[in-house]
Amino acid sequence: MSEQDKKIETFSEPTKIIQPSAEFRAKARVKSLAEYQALYTESLESPESFWKRETQDLVFRKPWTRLLDWQCPFAKWFIGAELNATESCLDRHLNTKTRDKQALIWESEPGEVTSLTYAELHAKVVEFAAALKQAGIQKGDRVAIYMGMVPEVVVGILACARIGAPHTVVFGGFAAESLRDRINDCGAKAVLTQDGSWRKGKVVPLKATVDEALRGTSTVEKVFVYNRLGAAECPIQMQAGRDVDWYDAVGAADRKLGEQPEIVDSEHPLFILYTSGSTGKPKGVMHTTAGYLAGTYLTSKYVFDLQPEDVYWCTADVGWVTGHSYIVYGPLANGATCLLYEGAPNAPDWGRFWQIIEKHKVNILYTAPTAIRAFMRQGSEWPAKSDLSSLRLLGTVGEPINPEAWLWYYREIGRNRCPVVDTWWQTETGAIMLTTLPGAHVMKPGSAGLPFFGVKPECVDSAGKAVGANEGGLLVLRKPWPSMLRTVWGDDERFRQQYWSDVPGSYFTGDGAHSDPDGYFTVVGRIDDVLNVSGHRIGTAEIESVLVAHPAVAEAAAVGRPDDLTGQALVAFVTLKAGLTPNETMERELADHVAKDIGKFARPASIRFADGLPKTRSGKIMRRLLKDIAAGRETSGDTSTLEDQGVLTKLRED
Ligand code: WTA
């Protein structure tokens with residue numbers, strides 16, 4: 001982080017304040033600011049009694065004896081407890097009315113609909129857990145999951161949890177190379193995949209990508225393949241001895257093996273999820289069982305105000321943390337009905353989301369600002385064609401939402417009736433940290449809101465001192481919280497360095513923020529070398545290391561520029577090797593190279609060729625200047641340490 005990035009700015013308060021309706025408030029779980037404040041104070045001052053009461057519906061086979069052991073930066077929560085997360089998500093509902101309630105409603109991109117009740121989902125998880133065990137997968141073994149949005153992915157995730165095998169879900173948009181790196185980093189013993197998936201009417205060949213990834217791995221013994229599309233749409237090759245059909249494996253397994261869940265310690269790893277950081281290698285964010293479950297359960301309950309009859313739809317992909325926490329663990333622990341949609345929001349046209357809401361009478365919609373801005377661009381005619389009167393609550397996550405998009409969402413989708421919760425959190429935090437509670441708080445479009453229970457955020461300067469109201473600073477969390485990441489897989493030192501060294505004793509989020517006199521936090525965006533493109537985190541160092549691996553490239557620097565639709569767009573500055581001349585073909589080739597290596601979502605929006613990159617005398621690339629140039633801004637701040645002033649003039653001229 002440069003000093004320039006840390007600079008203090010002041011912000012005025014958002015002008016618009018919106019109240020939740022009296023009707024919403026009357027039925028909400030938390031009905032007033034005073035009620036929230038009482039719970040929040042209790043969560044910080046008497047966390048033992050708070051968490052004991054609030055987790056009483058979760059299934060602990062052995063209760064905890066101590067809430068927290070905190071040896072900064074290492075935390076253990078719910079000490080002594082033993083549990084299996086799937087008992088809270090599934091088994092506990094089997095003796096209640098929820099048993100026959102739909103747990104999942106699935107709609108495919110071509111339009112098929114199927115659903116599973118809690119009893120049916122439980123049965124599928126038990127069966128598949130048995131298949132995993134039969135194949136020799138044991139407690140502690142890692143299992144990589146590379147699938148689309150189908151019920152089986154939820155089954156696969158929960159089956160891993162049931163046998164105590166940490167899962168690592170890799171988003172289906174990642175390329176073979178990225179999948180291979182993740183498998184190798186955690187030493188996965190099995191992979192769960194499917195032949196292919198539909199996306200905008202095209203087949204995404206997931207199994208073929210797994211085959212390619214596995215050419216460079218040595219730990220994978222078994223690949224379970226769910227036959228989603230069939231050989232006519234998506235022919236695949238099965239490798240004898242390694243690959244097995246998902247349902248053949250289920251058929252051959254002794255169901256009893258999955259019936260009794262593996263009871264694990266509260267701190268047993270539940271999953272690893274890779275995310276981009278400021279170095280070239282993605283970090284394996286590790287979450288453990290009890291704390292993560294408690295955090296996702298409680299936030300789902302209060303932030304989405306889940307009521308027994310609700311149909312809830314989170315549009316995230318299960319390959320990102322939002323899918324883990326708010327499609328799988330949080331809502332299922334609450335016994336909610338979750339909608340799962342396989343395809344793209346514009347397949348076959350921009351009316352698809354609204355038709356899905358009308359058809360399934362969705363009550364709660366949780367989506368991302370980029371999607372909202374894309375819908376906004378297409379015009380209000382699309383949502384106007386559908387009956388959206390079932391909606392009662394809207395949510396957003398993943399990026400800062402501009403007030404204009406917030407208000408469009410509130411007006412055109414919520415029809416001025418539904419509160420909007422703007423939820424700030426990260427892969428690392430596991431669960432929502434900042435938000436409004438929909439019946440308790442007024443909303444300020446563009447501002448995420450107040451801390452969730454147990455969370456103590458603050459905006460600080462680079463020395464770690466709190467800044468005043470409306471002054472910009474670094475967003476830190478002052479106290480540990482149950483769903484926090486426990487470490488970076490296999491790299492405690494990196495965990496310490498990355499999150500706990502900027503402001504000693506506090507967790508540094510990597511985001512810049514400010515808070516207003518009412519305590520509402522507005523998160524402005526990343527201030528480290530991580531970009532947020534359409535809500536996807538992309539490390540600039542990762543892009544750079546892929547670019548310099550191309551034989552034509554001498555040097556590369558990747559930065560973000562503001563983009564009206566995607567929040568940020570990726571711009572790469574490239575110096576070619578001597579003797580090579582830049583042209584459009586080369587530009588395309590380099591963009592393809594990034595897409596092929598990392599995934600299409602990481603394809604640079606533009607590649608700019610340069611004779612040289614601006615550097616300090618010590619040879620460090622001056623990214624701040626490149627950011628200004630990419631954004632078409634005047635260069636701000638001090639350029640006196642720049643080695644060659646001529647480079648700047650040339651770059652601007654291009
Ligand atoms: C950004 C996604 C502003 C932020 C759950 C954070 C947000 C990063 C918001 C984490 C929000 C997420 N307002 N910014 N409501 N939600 N962010 O790990 O920069 O994929 O650090 O987790 O997204 O992205 P991640």
Side-chain angles (χ1 to χ4, degrees), residues 20-21 23-24 27-29 89-90 92-93 96-109 111-122 124 149-151 153-155 158 296-297 299-318 322-343 345 351-368 371-372 375 383 385-397 409-410 412-415 417-421 423 432 438-439:
S21 68
E23 194 197 341
F24 190 97
K27 293 196 196 132
R29 285 182 184 275
C89 296
L90 300 170
R92 89 173 180 98
H93 304 306
T96 70
K97 277 200 307 219
T98 310
R99 176 190 176 88
D100 298 315
K101 177 179 166 176
Q102 286 167 332
L104 294 178
I105 302 174
W106 178 68
E107 180 161 326
S108 74
E109 194 179 85
E112 306 126 89
V113 174
T114 58
S115 63
L116 293 172
T117 64
Y118 271 89
E120 289 163 343
L121 180 61
H122 175 265
K124 277 187 168 275
M149 294 286 285
V150 289
V153 76
V154 178
V155 172
L158 292 172
T296 53
Y297 162 73
T299 46
S300 298
K301 176 169 164 180
Y302 286 111
V303 180
F304 300 121
D305 192 53
L306 285 173
Q307 308 285 347
E309 62 284 1
D310 279 331
V311 176
Y312 158 92
W313 184 20
C314 166
T315 70
D317 192 282
V318 78
T322 305
H324 287 59
S325 301
Y326 297 111
I327 294 178
V328 185
Y329 290 102
L332 296 179
N334 279 280
T337 296
C338 300
L339 195 121
L340 203 63
Y341 167 58
E342 180 184 42
R352 186 62 186 269
F353 267 31
W354 322 123
Q355 287 158 10
I356 291 176
I357 290 170
E358 177 177 327
K359 179 147 121 204
H360 301 287
K361 303 213 171 4
V362 172
N363 306 108
I364 302 169
L365 174 68
Y366 190 33
T367 193
I372 297 167
F375 288 126
K385 288 183 200 167
S386 295
D387 176 5
L388 303 182
S389 59
S390 58
L391 287 173
R392 60 177 205 92
L393 176 64
L394 303 174
T396 144
V397 60
Y409 194 34
Y410 181 74
E412 304 297 332
I413 308 306
R415 313 265 156 96
R417 266 183 307 106
C418 310
V420 174
V421 289
T423 63
I432 294 166

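- In this structure, Glu358 CD and Leu391 CG are separated by 11.0 Å, a value rounded to the nearest 0.5 Å.
- Counting heavy atoms from C-beta on, the side chains of Tyr312 and Leu339 never come closer than 4.5 Å.
- Interatomic distance, CZ of Arg99 versus CG of Leu90, reported as 12.0 Å (0.5 Å rounding).
- With hydrogens and angles disregarded, a donor-acceptor distance shorter than 3.5 Å links the side chain of Thr96 to the backbone of Thr98.
- Taking both residues in full, the closest heavy atoms of His93 and Asn334 are given as CE1-C, 4.1 Å, listed atom of the first, atom of the second, then distance.
- Salt-bridge check for Glu309 with Arg392: failed, with every basic side-chain N at 4.0 Å or more from each acidic carboxylate O.
- In this structure the side chain of Thr315 never reaches within 4.5 angstrom of the side chain of Tyr341, judged on heavy atoms.
- A 4.5 Å side-chain heavy-atom check between Thr367 and Tyr409 finds at least one atom pair inside the cut-off.
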With side chain to side chain contact (heavy atoms under 4.5 Å, CB included) as the test, would you mind laying out the steps for Glu109 and Arg352 before giving the verdict? CA-CA 9 Å; Glu109 194 179 85; Arg352 186 62 186 269; 4.3 Å; yes

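- Side-chain atoms of Gln307 do not come within 3.5 Å of backbone N or O of Arg29 as any donor-acceptor pair.
- In this structure, a donor-acceptor pair under 3.5 Å is absent between the side chains of Thr322 and Tyr366.
- Classification of the Phe353-Trp313 ring pair by plane angle, with boundaries at 30° and 60°, yields tilted.
- Among all heavy-atom pairs drawn from Ile327 and Ala316, the shortest one is CD1-O, 3.3 Å.
- The line from OG of Ser21 to NZ of Lys27 is 9.0 Å long, rounded to the nearest 0.5 Å.
- No hydrogens or angles considered: a donor-acceptor pair under 3.5 Å links the side chains of Ser115 and Gln102.
- One finds the CG atom of Leu158 at 6.0 Å from the CG atom of Leu332 (value rounded to the nearest 0.5 Å).
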Derivation and outcome, side chain to side chain contact (heavy atoms under 4.5 Å, CB included), residues Thr396 and Val421:
CA-CA 6 Å; Thr396 144; Val421 289; over 6 Å; no

*Step by step, work out the side chain to side chain contact (heavy atoms under 4.5 Å, CB included) result for Val113 and Trp106.*
CA-CA 6 Å; Val113 174; Trp106 178 68; over 6 Å; no

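- Contact check for Tyr118 versus Asp100: no side-chain heavy atoms found under the 4.5 Å cut-off.
- The two residues Ala28 and Gly439 come nearest to each other via the heavy atoms CB-CA, 3.8 Å.
- With Ile364 as the fixed residue, the side-chain contact (heavy atoms from CB on, under 4.5 Å) test singles out one of Asp305, Leu306, Val303, Leu394: Leu306.
- Listed here is the closest heavy atom pair of Thr296 and Tyr326: O-CE2, 4.0 Å.
- One finds the OG1 atom of Thr423 at 4.5 Å from the CD1 atom of Ile432 (value rounded to the nearest 0.5 Å).
- Among all heavy-atom pairs drawn from Leu393 and Pro419, the shortest one is CD1-O, 3.4 Å.
- Arg415 has its side chain out of reach of Ile413: every pair of non-hydrogen atoms, C-beta onward, lies at least 4.5 Å apart.
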Exercise for the section: Might you work through the side chain to side chain contact (heavy atoms under 4.5 Å, CB included) test for Cys418 and Tyr410, ending with a clear yes or no? Expected result: CA-CA 7 Å; Cys418 310; Tyr410 181 74; 5.8 Å; no

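- In this structure, Gln355 and Lys385 have side chains that are not in contact, with every pair of non-hydrogen atoms separated by 4.5 Å or more.
- Remark: the backbone N or O of Ser389 is paired with a side-chain donor or acceptor of Asp387 at under 3.5 angstrom.
- Shortest non-hydrogen contact noted between Cys338 and Pro331 is SG-CB, 3.4 Å.
- Without hydrogens or angle criteria, Asp310 side chain to Asn363 main chain gives no donor-acceptor distance under 3.5 Å.
- Looking at Thr337 and Lys101, their side chains come closer than 4.5 Å, going by heavy atoms from C-beta outward.
- Using a 4.0 Å cut-off between charged side-chain N and carboxylate O, Lys359 and Glu107 make a salt bridge.
- The main-chain N or O of Val311 is never found under 3.5 Å from a side-chain atom of His360 such that the two would form a donor-acceptor pair.
- Taking 4.5 Å as the limit, some side-chain heavy atom of Lys124 sits within range of a side-chain heavy atom of Leu116.
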